[in-house]
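As structure tokens, the structure follows; a few thoughts come after it.
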Protein chains: 2
Amino acid sequence: MTTEEIRNKLTDRGLKVTPQRMAILEAIYNLKNHPTAENIIDYIKKMYPNIATGTVYKVLGVLVENRLIKKVTTEKDAMRYDGVMESHHHIYCQETELIKDYFDEELDELLQKYFEKKSLPGFKIEDIILQIKGTFQKQY
Amino acid sequence: MTTEEIRNKLTDRGLKVTPQRMAILEAIYNLKNHPTAENIIDYIKKMYPNIATGTVYKVLGVLVENRLIKKVTTEKDAMRYDGVMESHHHIYCQETELIKDYFDEELDELLQKYFEKKSLPGFKIEDIILQIKGTFQKQY
DNA sequence: ACTTATATGAGAATAATTCTTATTTAAGAA
DNA sequence: TTCTTAAATAAGAATTATTCTCATATAAGT
Ligand SMILES: [Mn+2]
Ligand SMILES: [Mn+2]
Ligand SMILES: [Zn+2]
Ligand SMILES: [Zn+2]
């Protein structure tokens, strides 16, 4: 993801391009494993030590509203963020904080067809995300 | 769910039976829509005004550890709890806080078979929960 | 360059949860 | 039925995650 591409994501949504917004998007794309706000703040402060905590939360909210990033829910108190906007699911390791992306078009089609048939009465489905919970096998 | 049944759930796990634990389980079973800790506290305080907030959080943690209840993740800051331990999925209304249970054995079998075939290398799946996001149609 | 609506920084405030410690109590043993 | 004691609770302080307020700074259009 180049600087220009990041800039375009902002302008495409009619958002002002600020160094803070650029830095936050860049952080999300570079930090793997679905960073928390705190992860993002730590990362950005290396290059840009004056960024305000409140600004990061504000910007994250704006980016979510504008569908440039997504929230990832967990059983921990801190929200996590995801810069991958293509449809995908999440593999949660119960022993660590690791959340791996899981892409599977075949599964997505299967689910889409399944819920076309068995549509939920009175509910318009916008998105289906699998939370796949378990543990990674330790390798000796 | 009778008082005796609730009591047995605790003793079956080797947990001491306390009025607080009984009240918290009863609250979760009676409150619908996946209550927050605050919902549970408000409910219990009607009958039992001296219960301490910290006790409720402590007990909720114990009940989760002992698999008598589950956490339900959301994009909001407050954790929500679920007393329904049978396998099921969640329908999230994007416009309200409503989280509806969705039971579907056919779907569960479909998923189980799917992931038997396409097993995730190095990962032991313990549970798969669908987060079905969308909106309930308003009826006029 | 000028203007202005919007974004940011700083720090206070709030909300959700956890921690600490003295006291109480459930449940098994005597 | 007491007695014992490890575990649970109440109360309130502390911590963590997030939001809010408001004065200043700045992006972007004119
Ligand atoms: Mn959450
Ligand atoms: Mn919180
Ligand atoms: Zn992801
Ligand atoms: Zn449920």
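Throughout, protein chains are lettered first and strands after them, A, B, ... in sequence-line order, and every chain is numbered starting at 1.
With A/I6 as the partner, the side chain to side chain contact (heavy atoms under 4.5 Å, CB included) test is satisfied by one option alone out of A/I28, A/L68, A/L25: A/L25.
Residue A/Y29 comes nearest to A/G83 through the heavy atom pair CE2-O, 3.6 Å, listed as atom of the first residue, atom of the second, then distance. Closest approach of B/V72 to B/M79, counting heavy atoms only: O-SD, 3.5 Å. Of all non-hydrogen atoms in A/C93 and B/F123, the two that sit nearest each other are CA-CE1, 4.4 Å.
Listed pair B/Q20 / C/dT25 fails the phosphate criterion, with no side-chain N or O lying under 4.0 Å from OP1 or OP2.
We find that CE of B/M79 is positioned 14 Å from C1' of D/dT16, with the value rounded to whole Å. Distance NZ (A/K76) to C1' (C/dT17): 14 Å, rounded to an integer number of Å. The CG-P distance, from B/D77 to C/dA15, rounds to 11 Å in whole Å. In this structure, B/K71 places its NZ atom 15 Å from P of C/dA16, rounding to the nearest Å. Atom CD of B/E65 and atom C1' of D/dA8 are 14 Å apart (whole Å). B/N39 has its CG atom 14 Å from the C1' atom of C/dA15, to the nearest Å. Distance CZ (B/R80) to C1' (C/dT17): 17 Å, rounded to an integer number of Å. Atom C1' of nucleotide D/dA17 and atom CD of B/E75 are separated by 16 Å, given to the nearest angstrom.
Note on residues 80-95 of chain B: pairs passing salt bridge (Lys or Arg N to Asp or Glu O under 4.0 Å), not counting sequence neighbours, are B/E95-B/K138.
The backbone N or O of B/T2 sits less than 3.5 Å from a side-chain atom of B/E5, completing a donor-acceptor pair. A donor-acceptor pair under 3.5 Å is formed between the side chain of A/N39 and the backbone N or O of A/T36. The backbone N or O of B/V17 lies less than 3.5 Å from no partner atom in the side chain of B/R7, so there is not a single donor-acceptor pair.
Using a 3.5 Å distance cut-off with no hydrogens or angles, the side chains of A/D108 and A/H88 do not pair a donor with an acceptor. B/Y102 and B/D104 share a side-chain donor-acceptor pair at under 3.5 Å. In summary, the side chains of A/H34 and A/D101 do present a donor paired with an acceptor at a separation below 3.5 Å, with no hydrogens or angles considered.
Shown for residues 42-64 of chain A: residues whose heavy atoms fall under 4.0 angstrom of DNA chain D, namely A/G54, A/Y57. Non-hydrogen atoms lying under 4.0 Å from DNA chain D are contributed by nothing in residues 4-12 of chain B.
Where B/T36 and B/T18 each meet DNA chain C at their nearest nucleotide, the meeting point lying more 5' is that of B/T36.
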Listed pairs under 3.5 Å, donor-acceptor, residues 125-135 of chain A side chains, sequence neighbours left out:
| residue | atom | partner | partner atom | Å |
| --- | --- | --- | --- | --- |
| A/Q131 | NE2 | A/T73 | OG1 | 3.4 |
| A/Q131 | NE2 | A/Y92 | OH | 3.3 |
| A/Q131 | NE2 | B/T73 | OG1 | 3.2 |
| A/K133 | NZ | A/E75 | OE2 | 3.2 |

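For the helix from C/dA1-D/dT30 to C/dA30-D/dT1, the rotation axes defined at the first and last 5 base pairs enclose an angle of 40°, given to the nearest 10°.
Between B/Y43 and B/E26, the closest side-chain pair of non-hydrogen atoms falls below 4.5 Å.
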Can you tabulate the close N/O pairs, meaning under 3.5 Å, that link protein atoms to atoms of nucleotides 1-6 of chain C?
| residue | atom | partner | partner atom | Å |
| --- | --- | --- | --- | --- |
| C/dT6 | O4' | A/K16 | NZ | 3.3 |

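Ion pairing between A/K113 and A/E116 fails under the 4.0 Å rule for side-chain N and carboxylate O.
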